[in-house]
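The analysis underlying the following values was restricted to heavy atoms, covering all of them including side chains, and did not include hydrogens, waters or symmetry mates. None of these values were measured; they are calculated from a predicted model.
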Amino acid sequence: MDANRHRFWMIDRAAQLETGAGTHWSAGCRALALAGSAPAAETAQPRSQALALAGMAPVAADAAGNYAWTDGTDILAAGVAEEPVLLVSDPLGGMAVSDMAMTPEGVLVLCGGSEGNGRVALVDCRGRWAIPAVLDLPGLQPDRIAVSGPAVWVLERSGGRVFALAGMPLSDHAARFRAFRRFQPETDYLDPPRLIEQAPVGLAPNERIADAAASPEGMLAVLVLSHPNARRAHAVFRAPGGAETRLELPQRGFPGCLGWLGPRRLAAIYPGAPAALGFDIGPGEAPQEISLAPARLPLRARENARLCRGASWPVPVTAGAAEARPQKPVPLRALSLPGYAASGTARLADPFDCGSPGAEWHRLVIEAVLPPGCGLAVDLAAADSPEELAEAPRWRHVFGGSEAGPDIPRGAWLGEASELPHHPGLLGTAPERDRAGAFSVLVQRGGMRDRALRGRYLAVELTLAGTGQATPKIAALRAYAERFSLVENYLPPVFRKRQDADPEAAGPADGADFYDRFAALFEHQLTRIEDKVAAAYLLTAPEAAPPAAMDWLAGWIGLSLAPGLPETARRQMLAAGTWLHRRRGTLEGMARALDIATGGEVTRGGIVIIEDFRLRRTFATILGADYGRREDPILAGFVESGNSIVGPGLFLGDGTSGGLGEEERAELLSLYFGAESDLDAAAVFAKLAFQVTVLVHADLPDAAFGLVRRIADELAPAHVALRFATGSQPLRLGLYSLLAVDTYLRPRPGLPAIRVDETILGEAAHVRAAPALDPRTNPGETP
């Protein structure tokens, strides 16, 4: 409600709209937009053609441009040279290869089978095991492989069964021996390759699975073809967490293969089509929408074009006869210009209900992006009952480049992101004159003498128009009701509308109606000013203050916002400012500030604050270790991490009661203090007093680590010395785990860059060639 008590009703989510041909609600940008246009007409090929394309011999590709194919049982490869080379002979033991895919680690996974019995084989292109590892699968006939990073899925298309591949063969270079009088498990290797069954893909009668692919984020997409007469295809999405959803592809026809162009974009090839189609997937673990992508994906050949298998994006595409050598794959890329529908419509599913019969609808405001040549037409109808509303005439209002006659009102750009006071808008983009931001128009009935639109219910229909390469985007539409008229409320009756005038008479607007609409221009501007004054308190709220005012607000309470803080963290720091001020100079306050600055890393265990004196009575603590010295022999290079707190009752003794003797203690201290090896325990304990270690386990960039240092230095107790350490090694009990305090299990970090005179080969870094399907890429390695 604004300063003149105008209430508004708003469209700002997909559930409120019924989209028609050519439009869709984009969950990614939270706006109504034109849908992508298909570069080819609907394919007329029957489902049998799509299944034939799906059943063609597979082609695998790697990131280096090499590719492999099968002649039935053997696997051939090429890429570094045109002449093919035999990669592996008969890996499935006489069974035909149905599918194969390359993992980022250089493992070629193959599957196939016949007569209800199948096999999965793992061929290492890095030579870690010379003989392919084969899994016999009685009662299962796998025929699809989907790879995403380390995750590998195996599917049986006929029954919809899904399996996850776990484990890897033990390397031929691994030492296999059993030590004498040492506890060891019965088996030498506890992580052999195996299939773990997942929930199956549900299939209705007459439905068939054509293909499957995995996204860079690990989402599995399964292409399901419906009944032959329905001419529809579905995609079943399964997230890494197990959430599943089933969405119908927005293009009619039967595609034969599926692949990922990126984290949220699919590609599908329809038999005989000159171009592949792209589909944008909505956000969320289980996406709820799929739309035709405005991308043109031309194919080199219409016949037998199919997507390759592997873990590279965008997915490569190849072509060729089913029994001949395929063409060299090329990445499936979109042309530079997108393609959108020329126009599209949408309507409000349920009309707005202001609750007052005969209410006068006042103003229409949209938050939109209207590129040059794009426009929006809004048709309004009002009535006092839903039955009358269905027959009520529609009155058009236009925005942007939409064509309009002389009596059709056109919206004007307001110069701000939103007409709501101090609101950043829902578009997420900065205002741009006549192109982006808030647009407003007075609700009118063009061509009528009395142009006021009255009624309890309001129906809204939207028509979007684009250029074919650009689309308008409508993030919100607000309709204000029960107009407050300056003329009716403040001027003498002579200026008001005549009560005996026919409100349904057509013709030019009468003088009173024109004067009322003319005064509304000033009312709108004055109301916006009054709204900003009334809502001025929002400028001092941490959640709503403009970004430029945050440092000024922080100065009110003596808070200094560190440079480089993200906007969200700055607002949270402002909201917690008084709490931090009361705890300034305490570890509690410092921990809270670091948690806000890093987005919760203290809570998650990414940053651990350790008071060093607590390490005195810890059995697993390497007493007195200097974490800055990498050459400590007992640490073996693992010096930048935490220690193990096993319990308060375990500590290094003083030479009695089973503790360390004098010689043992001197030897231990000499490892950390060098020439100062004559230090006694009291000196070591004193070294740990009034000292705090900020242990950063999280993978923070240098700028964020510098921010942590600045905040900790500013808020730490004055009498305490701070020391900062980073943890880059995986968990090791007794050295990296903080048992009883915290155990931070993080994903395995990538291999660091090799540095001369610093890197220890085999420990901190590995030198190895990139995996390649063509063995001639890395001479000396055998698949």
Side-chain angles (χ1 to χ4, degrees), residues 6 8-9 11 343 345-348 351-352 354 356-366 368 370 374-414 434 439-465 472 474 477-488 491 494-524:
H6 293 131
F8 68 81
W9 288 257
I11 301 173
S343 62
T345 60
R347 62 184 295 270
L348 184 62
F352 292 143
C354 71
S356 301
E360 186 173 344
W361 291 91
H362 174 48
R363 188 172 295 278
L364 201 64
V365 178
I366 65 169
L370 301 175
C374 298
L376 170 70
V378 182
D379 295 317
L380 303 178
D384 286 335
S385 68
E387 294 76 17
E388 295 175 350
L389 187 65
E391 304 297 331
R394 266 54 179 169
W395 305 100
R396 175 153 290 194
H397 305 70
V398 299
F399 300 85
S402 294
E403 296 182 359
D407 286 329
I408 296 180
R410 179 179 294 276
W413 182 63
L414 297 182
D434 297 329
F439 298 80
S440 176
V441 66
L442 196 69
V443 174
Q444 304 173 52
R445 299 187 302 168
M448 306 296 289
R449 291 187 61 80
D450 181 3
R451 302 201 171 182
L453 181 63
R454 300 179 180 87
R456 173 178 173 177
Y457 298 95
L458 183 71
V460 182
E461 295 181 1
L462 301 98
T463 302
L464 284 69
I474 317 302
L477 181 147
R478 287 182 285 273
Y480 288 80
E482 301 183 65
R483 177 184 298 173
F484 179 86
S485 171
L486 296 180
V487 173
E488 296 292 329
L491 296 183
V494 67
F495 295 99
R496 302 174 189 172
K497 296 179 182 180
R498 294 172 50 189
Q499 299 297 324
D500 57 347
D502 182 7
E504 302 303 323
D510 60 28
D513 182 88
F514 170 81
Y515 193 57
D516 184 57
R517 289 184 288 112
F518 178 75
L521 296 174
F522 302 94
E523 177 271 331
H524 183 47

| Is the Phe514 ring parallel, tilted or perpendicular to the Phe518 ring (thresholds 30°, 60°)? | parallel
| said: Once you measure the plane-to-plane angle for Tyr480 and Phe8, does it fall in the parallel (<30°), tilted (30-60°) or perpendicular (>60°) bin? | reply: tilted
Could you measure the distance from the [atom1] atom of [X] to the [atom2] atom of [Y]? Nearest 0.5 Å is fine.
X: Arg478; Y: Ser440; atom1: CZ; atom2: OG; answer: 10.0 Å
X: Arg517; Y: Glu523; atom1: CZ; atom2: CD; answer: 14.5 Å
X: Phe439; Y: Phe399; atom1: CZ; atom2: CZ; answer: 9.0 Å

State, yes or no, whether a side-chain contact exists between [X] and [Y] at a heavy-atom distance under 4.5 Å.
X: Trp395; Y: Asp379; answer: no
X: Leu348; Y: Ile11; answer: yes
X: Leu376; Y: Val398; answer: no
X: Arg347; Y: Thr345; answer: no
X: Leu380; Y: Trp361; answer: no
X: Pro357; Y: Asp384; answer: yes

Backbone of [Y] reached by a side-chain donor or acceptor of [X] within 3.5 Å:
X: Arg483; Y: Val443; answer: yes
X: Arg445; Y: Leu453; answer: no
X: Arg449; Y: Pro508; answer: yes
X: His397; Y: Arg410; answer: no

Distance-only criterion, 3.5 Å: show the donor-acceptor pairs between side-chain atoms of residues 385-394 and protein atoms not counting sequence neighbours.
unit_1: Ser385; atom_1: OG; unit_2: Glu388; atom_2: N; d: 3.2
unit_1: Arg394; atom_1: NH1; unit_2: Leu389; atom_2: O; d: 3.2
unit_1: Arg394; atom_1: NH1; unit_2: Ala392; atom_2: O; d: 2.8

| task | Identify, with sequence neighbours excluded, every residue that meets salt bridge (charged side-chain N to carboxylate O under 4.0 Å, His left out) alongside Glu482. | result | Arg7
| message | Looking only at the side chains, is there a donor atom on one of Arg456 and Ser356 sitting less than 3.5 Å from an acceptor on the other? | response |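 Judged by distance alone, the side chains do not pair up.
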| query | Should Arg451 and Asp407 be marked as a salt bridge (Lys or Arg N to Asp or Glu O under 4.0 Å) after you check the CA-CA gap, both sets of side-chain angles, and the distance that decides it? | reply | CA-CA 10 Å; Arg451 302 201 171 182; Asp407 286 329; 3.5 Å; yes
